[in-house]
Each structure stands twice: as C-alpha cells, then as structure tokens.
There are 2 protein chains.
Amino acid sequence: MAASDTGQDATEATDRKRGVGARMVYDILRDEILDLVLLPGEPVDEAGLAERFAMSRTPVREALVRLAGEGLVTMLPNRSTVVAQIDFPNLYAFFDALTLMYRVTTRLAAEFHEAGDLALVEGRQAAFSKAVLAGDTAGMITCNRDFHVAIAEAGRNSYYTQLFIRLLDEGRRILRMYYYPNFEARLPHPYIVEHEAIIAAIRARDVTLCDSLATEHADKIVRQIQDMIARDRRQHVPL
Amino acid sequence: MAASDTGQDATEATDRKRGVGARMVYDILRDEILDLVLLPGEPVDEAGLAERFAMSRTPVREALVRLAGEGLVTMLPNRSTVVAQIDFPNLYAFFDALTLMYRVTTRLAAEFHEAGDLALVEGRQAAFSKAVLAGDTAGMITCNRDFHVAIAEAGRNSYYTQLFIRLLDEGRRILRMYYYPNFEARLPHPYIVEHEAIIAAIRARDVTLCDSLATEHADKIVRQIQDMIARDRRQHVPL
DNA sequence: ACGAAAAATCTTGTCGACAAACTTAATGCT
DNA sequence: AGCATTAAGTTTGTCGACAAGATTTTTCGT
C-alpha cells in the first residue's frame with residue numbers, strides 16, 4: 001500500500017511534528033541544488049513543492065526565503081523563483097576566497113585547536129579515505145568538505161567557518177558539474193597524503209607550515225577545477 | 001487627522017504595493033537592531049510588528065526569517081524570536097576577521113578598480129568628512145561603513161564584500177553600544193587622513209602599500225573598540 | 001495572415017483563522 | 001505553606017483562500 005505512490009518523497013505518515021516542515025524542505029532542496037538534481041536556472045514552483053512534500057505553501061516559502069538568503073535560489077519579485085546560476089564570469093573571485101579560507105582556517109586551527117578537535121578531524125579524514133578507496137565521487141566531495149569544516153571549527157572563528165562552508169558548497173555544485181564526466185581514479189590519492197600532512201602540522205601547532213600546506217592544497221584543487229572546466233570547454237566548443 | 005496617531009510608523013496610506021511589505025519590515029528592523037533601538041536579547045513579537053506595520057504576520061515572518069539568516073535575530077523554535085546577542089566571548093574572532101577583510105578588500109581594490117570606482121569612493125569619503133566635522137557620531141559610523149564597502153566593491157569579490165558588510169554592521173552595533181557615552185572630538189580626524197592615504201594607494205595600484213595602510217587602519221579601529229570596552233568595563237565593574 | 005488588444009490562466013504575495021507548543025496563573029494535595 | 005498538577009492564556013507554525021501581477025492564449029482588426 002505504501003509502495004504504491006509514484007516515487008514522491010512526501011512522508012507517508014502525513015502528520016509531521018510542528019516546526020519541522022520548513023527545515024525539512026530547506027535541507028532537501030539545498031541538497032538537491034548542490035547535487036544538481038535541480039539545475040541552475042530551473043524554476044522552483046512553490047505550489048508544486050507544497051504538493052510534493054504534502055504541506056502548505058507557507059513552510060515551503062520559508063525554506064525558499066532562507067535559500068535565497070544564502071544565494072542558492074533567486075526570488076524574482078512577483079515572478080518565479082529559480083535555482084541560482086553559477087557565476088562563471090567571476091570564478092576568479094571564488095577561487096581567491098576559497099584559497100584564502102583554506103589558509104586562514106588551517107592556520108587558526110593550528111593556533112586554537114583544543115583537546116578532541118583533532119579526533120573529529122581524523123574521523124572526517126577516515127571517511128574521506130574510505131570514499132576515495134571506494135571510488136565514491138559524491139562521497140569524496142562531501143567528506144572533503146566535512147574534513148575542512150572540522151578544521152575550520154577547530155579554528156574557532158565562526159565568520160570564517162560560515163564563509164568557508166558557503167564556498168565549499170558552491171564548489172560542490174561546480175565539481176558535480178564537471179567531475180563525473182572526467183573521472184580519473186589516479187587523482188584523489190594525493191589529497192589523502194596532503195590531508196595527513198595538514199593534520200600533523202595542526203597537531204604540531206606549526207602555523208607557518210599549515211599556511212603553506214593549505215596554500216598548496218588549495219592551489220591544487222583550484223587548478224584541478226580549472227583544468228576540468230578547460231577540458232570540458234574544449235569538448236563542447238571545438239573551434 | 002493623520003497627526004492623531006501615537007507615533008506609530010505604520011504608513012498612513014494603508015494600501016502598499018505588492019511585494020514591498022516584507023522588504024520594508026526587513027529594512028526597518030535591520031536598522032533598529034543595528035542602532036540598538038532593539039536591544040540584544042529583546043523579544044520580537046510577530047503579532048506586535050504586524051499591528052505596528054498594519055499588515056499580516058506573513059510578511060513580518062518573512063522579514064524575521066531573513067534577519068535570522070544573517071544572524072541578526074535568533075528564532076527559538078515554537079518560542080519567541082529575540083534580537084541576537086553580541087558575542088563578546090568571541091570578540092577576538094570578530095576583530096581577526098574584520099582586520100583581514102580590511103586588508104583583502106583594499107588590496108583587491110588596488111588591483112581591480114576600474115574607471116568610476118574611485119569617484120564613488122571619494123564621494124563616500126566626502127560624506128564621512130562631513131559627518132566628522134559635524135560631530136555626527138551615528139553618521140560617521142555609517143559613512144565609514146559605506147566608504148569601505150565602496151572600496152570592497154571596487155575589488156570585485158562579492159564573497160569578501162558580503163562578509164565585510166556583515167562585519168561592519170556588527171561593528172556598528174558594538175560602536176553604538178560604547179561610542180556615545182565616551183565621545184571624544186579629537187579622535188576621528190586621523191581617520192580622514194588615513195582614508196585619503198588609502199584612496200591614493202588604491203589609485204596608484206600599490207597593493208603592498210594598501211595592505212599595510214589597511215592593516216594599520218584596522219588595528220587602530222580594533223584598538224579603539226577594545227579601549228572603549230575596557231574603559232566601560234572599568235566604569236561598570238569597579239572590582 | 002500578421003500583429004495588437006483583450007481574456008483566460010497561472011503563480012505569487014498577503015490575509016485571517018486554527019491548532020500545537022510554550023508560558024503563566026490557578027488549583028489541589030501533603 | 002510549599003510543591004506538583006492542572007487549567008487558562010499567549011505566541012508560534014501551518015493551513016486554505018483570495019487578489020495582484022505576470023504569462024499565455026484567444027480574439028479581433030487591418
């Protein structure tokens with residue numbers, strides 16, 4: 001009976017707890033946007049989502065407002081809401097900010113990490129390694145994110161952490177767009193080694209080393225993304 | 001007849017245009033929070049605001065959700081919404097991020113400013129000078145903010161600009177809290193000189209000079225805030 | 001048949017109402 | 001009287017409905 005519905009993810013138990021609706025829609029939509037299930041520019045219909053999640057438009061709208069606040073959707077006044085475009089013309093700004101946040105958060109982690117922080121970081125690193133060895137591309141992207149977020153949180157500066165999270169998630173969208181078609185099994189392994197080096201430098205509280213390791217790490221990732229984009233452009237625009 | 005109402009700012013013309021309600025509440029509440037008209041921890045009642053602005057609770061709620069997304073209010077689930085507290089224990093993180101954004105935005109402005117950008121910056125500087133000479137403390141705070149935001153926009157990195165705006169506005173709250181009681185007419189003038197030096201360095205595209213000037217400027221402001229807090233603490237907590 | 005005006009349709013923004021969860025006041029028990 | 005329990009009163013979260021604005025389709029004139 002419950003298996004009869006046609007793939008919608010509206011909870012079968014229609015009575016949700018109060019105050020969970022908006023958060024649920026927010027989380028799911030966020031994931032779908034970052035995983036490119038919802039493509040940039042795609043319209044997001046409030047009534048459709050309301051029906052899909054079996055709730056009123058009010059909590060759906062609240063979720064959209066929050067997503068708009070984070071720049072993940074664009075609400076056109078009196079017109080539709082659309083998934084935010086990836087700002088390719090300004091990718092340089094993205095790479096610049098991403099690199100700086102890699103550096104700053106790693107430095108601060110070396111300075112301010114406390115007992116227990118490194119255990120969490122190492123847990124994230126273990127998950128990342130597992131995803132790499134399993135060849136799980138999507139898992140690699142999110143585990144890498146979680147690894148660096150754990151480092152940022154050890155640095156205890158929420159301003160940096162929040163911006164970093166936003167940048168890493170935006171990067172998730174970009175990677176999702178290019179990584180699947182050009183998968184190379186050889187690539188990920190260096191990241192594992194670099195992550196281990198970063199952990200060691202943080203533990204040694206070596207700020208200078210953390211800075212240079214993070215800079216290298218960031219530059220490598222930026223170069224990889226740029227290569228993927230360039231390769232993709234060569235494929236699509238032969239000229 | 002219109003003058004009879006008791007100081008409420010609900011528009012007398014009750015028919016607003018569609019789609020303006022939420023934005024209006026958002027702007028006004030934001031200003032009131034940053035100007036400490038609404039004090040940190042103060043509860044924000046949806047029904048009360050709805051009555052005050054002569055509209056339904058729906059647009060009010062949308063404004064509150066957006067403010068919560070920026071961290072200006074805290075929505076306690078199923079309980080009241082309160083104005084966000086100033087995170088005094090982590091002021092160090094605030095100063096660190098503020099200083100870095102001063103540096104980074106000024107550097108990027110030197111690198112990437114285009115024709116017309118400096119005119120806007122100089123306009124903001126003129127407004128700042130005027131506020132200083134008039135002894136208008138509140139105007140100084142906002143004009144200083146606008147000056148540095150114009151520089152950040154000339155740097156053309158919206159990630160930095162957005163974080164910087166958030167930090168400058170959070171600083172506005174802190175300054176509002178301490179600046180009025182300890183006003184000193186002597187203090188502001190050095191800022192005008194420093195601003196002029198920064199403009200010149202940006203125009204000369206001297207990145208290194210911009211970095212050092214911005215660092216000095218930021219350190220001075222940070223020290224000023226710390227002094228004000230320390231002085232205030234001495235007054236209030238005599239030990 | 002082509003283009004412009006008008007009508008129909010769709011989507012959003014706002015509203016008033018209701019019920020759940022929390023807060024406060026009142027009641028009862030030891 | 002003091003504390004736990006219950007009842008009343010707020011305040012929020014969600015709902016269905018309606019109207020303004022935009023989009024699409026239809027109609028009409030040349």
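Values in this document were obtained by computation on a predicted structure and should not be read as measured data. Computed over heavy atoms, backbone and side chain alike; hydrogens, waters and symmetry mates excluded.
The side chain of R18(A) places no N or O atom within less than 4.0 Å of a non-bridging phosphate oxygen (OP1 or OP2) of dC18(C). One finds no side-chain N or O of R57(B) lying less than 4.0 angstrom from the OP1 or OP2 phosphate oxygen of dC15(D). Between R79(B) and dT23(C) there is a side-chain polar atom (N or O) within less than 4.0 angstrom of OP1 or OP2.
If you measure from atom CZ of R16(A) to atom P of dA19(C), you get 17 Å, rounded to the nearest angstrom. Between the C1' atom of dC15(D) and the CZ atom of F53(A) lies a distance of 18 Å, rounded to the nearest Å. Rounded to an integer number of Å, the gap from CD of E62(B) to P of dT12(D) is 17 Å. With rounding to whole Å, M55(A) atom CE is found 12 Å from dG16(D) atom P. The separation between L49(B) atom CG and dT11(D) atom C1' is 13 Å, rounded to whole Å. With rounding to whole Å, D45(B) atom CG is found 14 Å from dC22(C) atom C1'. Going from atom CG of L76(B) over to atom C1' of dT23(C) covers 14 Å, rounded to whole Å. Protein atom CD of E46(B) is 11 Å distant from nucleotide atom P of dT14(D), rounded to whole Å.
Between the side chain of R66(B) and the backbone N or O of L64(B) there is no donor-acceptor pair closer than 3.5 Å.
In terms of position on DNA chain D, the residue among M75(B) and P77(A) whose nearest nucleotide sits closer to the 5' end is M75(B). Comparing K17(B) and S56(A), the nucleotide of DNA chain D nearest to each residue sits closer to the 5' end for S56(A).
In the set dC15(D), dT14(C), dC22(C), dC22(C) carries the atom at the smallest distance from any side-chain atom of N78(B).
With 3.5 Å as the limit, one finds no donor-acceptor pair spanning the side chains of Y159(A) and D96(B). With 3.5 Å as the limit, one finds no donor-acceptor pair spanning the side chains of R231(A) and Q226(A).
Residue-level contact check: V44(A) touches the backbone only, with heavy atoms under 4.0 Å from sugar-phosphate atoms and none from bases. No engagement by V65(A) is indicated, since no non-hydrogen atom pair under 4.0 Å with the nucleic acid exists.
Aromatic pair F94(A)/F88(A): centroids not less than 6.0 angstrom apart. Annotation: Y92(B) is in aromatic contact with F112(A) [ring centroid separation under 6.0 Å].
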